[in-house]
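On a predicted model such as this, the values are computed, not experimentally measured, just so you know. For the single chain, residues carry numbers from 1 onward in sequence order.
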Amino acid sequence: AAAGIYGSRGANGVILITTKRGKKGAKPTFNFSANVGTSQPVARPNILNSQEWLQLRQEAWELDGNTGAVWLPGYSLISDSPEERLAAFNEASQHNTDWWDLLTQTGIRQNYDFSSRFNVGDLSAYVGTSYTNNESFIEGNRFERLSGRLNLDYKIMKNLDLSLSTSFSRGLNDRVQLAYTGGIGSAMSTALPIYPVYNDEGEFFLGNTRRIDNPVMAANQWQGYTIDDRTINTLSLKYNPIKNLNITVSGGYDYLDQKNDQWNGGILRNVTDDDENPIGESERDVRWVENYNLNAIAEYDWELNDDNRFKFLVGTEYQETVTSGFSNLRYTGTGVFSTVFRGDVPEDQLNTQELNRFDNDVIKFASYFARVNYSYKDKYYLQGTIRTDGSSKFGPDNRFGFFPVVSGAYMISEEDFMKDINFINFLKLKVAYGRMGNSNIARDQFRQRYELNPLGVYNGNAIRFPL
C-alpha cells in the first residue's frame, strides 16, 4: 500500500532518501568523523608451488607412456628432443613465482566527513563535505570520491517556505581487469609458478610462444578508469494558504558527466610497428546525462471530529532524461602509454575513423496521482490510492498505465483487552490489494526490429531476420 503512490516505479519497493538539514533556533554545530580500515581477501587459495606442479606434470607424462623430461608450456614443445626438454625442465625448476602474492595487497580504506549546521534569522543551513579512498585487496584497484552538499531553508513569509539543496561529487574508479580476462583470475589458474615475472634481459617473461599468461605484465600494460562528475540540485516552495492545506512545488536538475577510459599497452596487445616498437591503444567513451524533475503536491488534513479524520493528497510529476555522448575515441600508436585521463596521449595519434557520436536520447515520464486516508479512533484505517503513469518508452496504444491500490488496517494493540498483555506493545493487522508496474525497460520495445545479414544472401538480397 505504501508503494502504491509510486505506481509503475514501486514494483520492486521504494527507498526514500533524506539528507540532513539545518534547524531553526539551534546553536551552530560542527561535526567531524574519520574511519580507517583494511581490506583483505576472505581466504587465500591453496596453489601448488613450482616443484609440486612439475612433479605432477612429470608423473602424468610418464603415466601416459612417455619417457624423459616432460615438455613445459612456455619453455618447450612436445616435438623437442629429450635433451631440449630436459634443459627446459631444469630452467623452469629454478623459478617459483607466487602470482597471488604479487597481485594482492592489504588495502587501506579511509573515509572523512565534516559538516556544520547553523541558522541566521529565518535562514537555516547545513554544509557538509566528504572524502573517501578505498583500496581493494587487488593491487591497483581503488575507488576515490570527493563530495560536498549545501542545504538551505528560508522562511520567506509566515506561510511560505523555500528550500534549496545542491550537491557535487567526483568519483574515480581505478579499475583492474576482470578475473576471466586476466589479472587475479590468471594468478589462480593459467599463470604457472614456473614462470618468472621477467626474463634474463629484464623484459616481461612471455615464454617461447610470447602468449603465456603473465599477470604482472597484464596489470602493468592495462589501465581502466571511470570518472563520474555529478551535481544534483533541488528547489522547492511550500505554501500554506489556509489552515491544514499545504501546497508544495519543486523542481530538480541532475547532471552526470561520465568518462570511461581504457588503455592497452603494445606488449599486452602483442602489436608492433616495423621497428618492433609496441603500439598502444587508448579508448574513451563519454556519457552526458541530464535529468529534469518537476512536481506539485497539495495536501489537506480534515478532522471531522475527535474520532474521524481524513487526509487528502493530489499531485503531478514530470521527468525528462536526456542522454548524449560519444564512444570509440581512440588513440593508437607507439607514443600511447596511458589512458586519456592520465594525459600521456599524443593528439596526433587520434583515430577519428571509428568515432561514434550519438544524438540526444530523450525519455519523458508524466504522472498524476491522488490518495485518501481515513482513520477512526486511531484504531481503524482505510486508504485508497490512484495513479496514472505515462512514459515515452511505451507504444502509443499503451503509453499510460493506471495503478489503483486499496488497503485497510486494524490497530489491535489499541484495544482495551490488549492493555494487560505486557509482552506486546504494538500489534497491527493490515491488508492491501493493488496494481503496480515497471517502466524500467529499454525504449521502443513495442517496435518490431530487424537486422540485415550482409554475409547471407538469398535471391540476390541480404537476409533480414527479426531480433
- Item | Validation row: Ile108, Thr38 side chains within 4.5 angstrom (heavy atoms) | yes

- Query: Do Ile279 and Glu281 come close enough that some side-chain heavy atom pair is under 4.5 Å?
  - Reply: no

- Task: Test side-chain hydrogen bond (donor to acceptor under 3.5 Å, both in side chains) on Asp273 and Thr334 and set out the steps.
- Result: CA-CA 8 Å; Asp273 62 9; Thr334 57; 4.9 Å; no

- To the nearest 0.5 Å, atom CG of Leu268 lies from atom CG of Asn214 at 10.5 Å

- May I have all residue pairs that pass ring pair (Phe, Tyr, Trp, His ring centres under 6.0 Å) and include part of residues 215-234, sequence neighbours excluded? Tyr225-Phe341

- Distance col, row Thr129:OG1 vs Leu146:CG, nearest 0.5 angstrom, shows 5.5 Å

- Name all residues meeting the side-chain contact (heavy atoms from CB on, under 4.5 Å) criterion together with Pro193; count only those two or more places apart in sequence or in a different chain, and write none if there are none. Ser50, Trp53, Asn96

- Task: Report the distance from atom OG of Ser189 to atom CG of Asp213, rounding to the nearest 0.5 Å.
- Result: 7.0 Å

- Lys259 meets the salt bridge (charged side-chain N to carboxylate O under 4.0 Å, His left out) criterion, sequence neighbours left out, with Asp257

- Query: Do we get Arg387 above Phe403's six-membered ring, with its NZ or CZ under 6.0 Å from the centre and within 45° of the axis?
  - Reply: no

- Message: Please confirm whether the ring centroid of Tyr374 lies under 6.0 Å from the ring centroid of Tyr381.
- Response: no

- Test log, rule side-chain hydrogen bond (donor to acceptor under 3.5 Å, both in side chains), inputs Asn233 and Thr231: CA-CA 7 Å; Asn233 308 274; Thr231 178; 3.1 Å; yes

- Heavy-atom pair of closest approach, residues Arg330 and Leu350: O-CD1, 3.3 Å

- Message: The criterion is ring-ring contact (aromatic ring centres under 6.0 Å, His included); which residues satisfy it with Phe358, sequence neighbours excluded?
- Response: none

Between side-chain atoms of residues 110-118 and protein atoms elsewhere (two or more places apart, or another chain), which donor-acceptor pairs fall under 3.5 Å?
from: Gln110; atom 1: OE1; to: Tyr112; atom 2: OH; distance (Å): 2.9
from: Asn111; atom 1: OD1; to: Thr132; atom 2: OG1; distance (Å): 2.5
from: Asn111; atom 1: ND2; to: Asp113; atom 2: OD2; distance (Å): 2.7
from: Asp113; atom 1: OD1; to: Ser130; atom 2: OG; distance (Å): 2.7
from: Ser116; atom 1: OG; to: Thr29; atom 2: O; distance (Å): 3.2
from: Arg117; atom 1: NE; to: Arg21; atom 2: O; distance (Å): 3.4

- Task: Looking only at non-hydrogen atoms, find the nearest pair between Gln349 and Gly333 and report the distance.
- Result: OE1-CA, 3.4 Å

- Item | salt bridge (Lys or Arg N to Asp or Glu O under 4.0 Å) pairs, two or more places apart, involving residues 218-235 | Arg170-Asp229, Arg230-Asp254

- Task: Decide side-chain hydrogen bond (donor to acceptor under 3.5 Å, both in side chains) for Ser124 and Asn119; before the verdict, give the C-alpha distance in whole Å, the side-chain angles of both, and the deciding distance to 0.1 Å.
- Result: CA-CA 4 Å; Ser124 300; Asn119 67 87; 5.3 Å; no

- Item | Residues which pass side-chain contact (heavy atoms from CB on, under 4.5 Å) with Phe312, listed by chain and number, not counting sequence neighbours | Tyr300, Trp302, Phe310, Val372

- Under-4.0 Å salt bridge between Arg109 and Glu135: no

- Task: List in chain and number order the residues that pass side-chain contact (heavy atoms from CB on, under 4.5 Å) with Leu150, two or more places apart in sequence or in another chain; answer none if no residue qualifies.
- Result: Val127, Leu152, Thr166

- Can any side-chain N or O of Gln223 pair as donor or acceptor with the backbone N or O of Thr339 at less than 3.5 Å? yes

- Worked check of side-chain contact (heavy atoms from CB on, under 4.5 Å) between Leu123 and Asp153: CA-CA 6 Å; Leu123 175 67; Asp153 297 289; over 6 Å; no

- Chi angles and distances behind the side-chain contact (heavy atoms from CB on, under 4.5 Å) call for Asp174, Glu144: CA-CA 8 Å; Asp174 191 346; Glu144 185 179 19; over 6 Å; no

- Task: Go through the steps to decide whether Thr226 and Asn173 satisfy the test side-chain hydrogen bond (donor to acceptor under 3.5 Å, both in side chains), and finish with yes or no.
- Result: CA-CA 5 Å; Thr226 299; Asn173 186 6; 4.9 Å; no

- Note on the structure: Distance col, row Arg371:CZ vs Ile386:CD1, nearest 0.5 angstrom, shows 12.5 Å

- Could you check Lys158 against Asp122 for salt bridge (charged side-chain N to carboxylate O under 4.0 Å, His left out), going step by step and ending with a plain yes or no? CA-CA 10 Å; Lys158 183 179 180 180; Asp122 293 327; over 6 Å; no

- Query: Closest approach of Gly408 and Leu382, non-hydrogen atoms and distance?
  - Reply: CA-CD2, 4.1 Å

- Which atom pair, heavy atoms only, marks the closest approach of Leu237 to Leu160? CD2-CD1, 4.5 Å

- Note, Met411 side chain near Ser413 side chain (heavy atom, < 4.5 Å): yes

- Task: Find the distance between CD1 (Ile156) and CG (Leu162) and round it off to the nearest 0.5 Å.
- Result: 4.5 Å

- Message: Once ring pair (Phe, Tyr, Trp, His ring centres under 6.0 Å) is applied, what residue pairs with a partner in residues 404-434 remain, sequence neighbours excluded?
- Response: Tyr380-Tyr410

- Message: Taking the six-membered ring for Trp, are Phe365 and Tyr318 closer than 6.0 Å centroid to centroid?
- Response: no

- Sole candidate of Phe168, Tyr292, Trp288 that passes side-chain contact (heavy atoms from CB on, under 4.5 Å) when paired with Tyr255: Trp288

- Output the distance between atom CG (Asp389) and atom OG (Ser439), rounded to the nearest 0.5 Å. 7.0 Å

- Message: Apply side-chain contact (heavy atoms from CB on, under 4.5 Å) to residues Ile138 and Gln105 and explain how you reach the verdict.
- Response: CA-CA 6 Å; Ile138 302 176; Gln105 63 179 1; over 6 Å; no

- Scanning both residues in full, the closest heavy-atom pair of Trp99 with Ala191 reads CD1-O, 3.3 Å

- With sequence neighbours excluded, tell me which residues meet side-chain hydrogen bond (donor to acceptor under 3.5 Å, both in side chains) with Asp416. Lys419

- Answer whether the closest heavy-atom distance between the side chains of Pro404 and Arg435 falls below 4.5 Å. yes

- Task: Given side-chain contact (heavy atoms from CB on, under 4.5 Å), test Arg211 with Asn270 step by step and report yes or no.
- Result: CA-CA 9 Å; Arg211 292 188 179 277; Asn270 198 22; 4.1 Å; yes

- Got a sec, which pairs hit salt bridge (Lys or Arg N to Asp or Glu O under 4.0 Å) with one end in residues 286-308, sequence neighbours left out? Glu303-Arg309

- Given Glu283, Arg284, Gln221, the one that forms side-chain contact (heavy atoms from CB on, under 4.5 Å) with Trp263: Gln221

- Message: Do Val216 and Leu103 make a side-chain contact, defined as non-hydrogen atoms from C-beta onward lying under 4.5 Å apart?
- Response: yes

- Message: Please enumerate all residues that pass salt bridge (charged side-chain N to carboxylate O under 4.0 Å, His left out) together with Lys428, with sequence neighbours excluded.
- Response: none

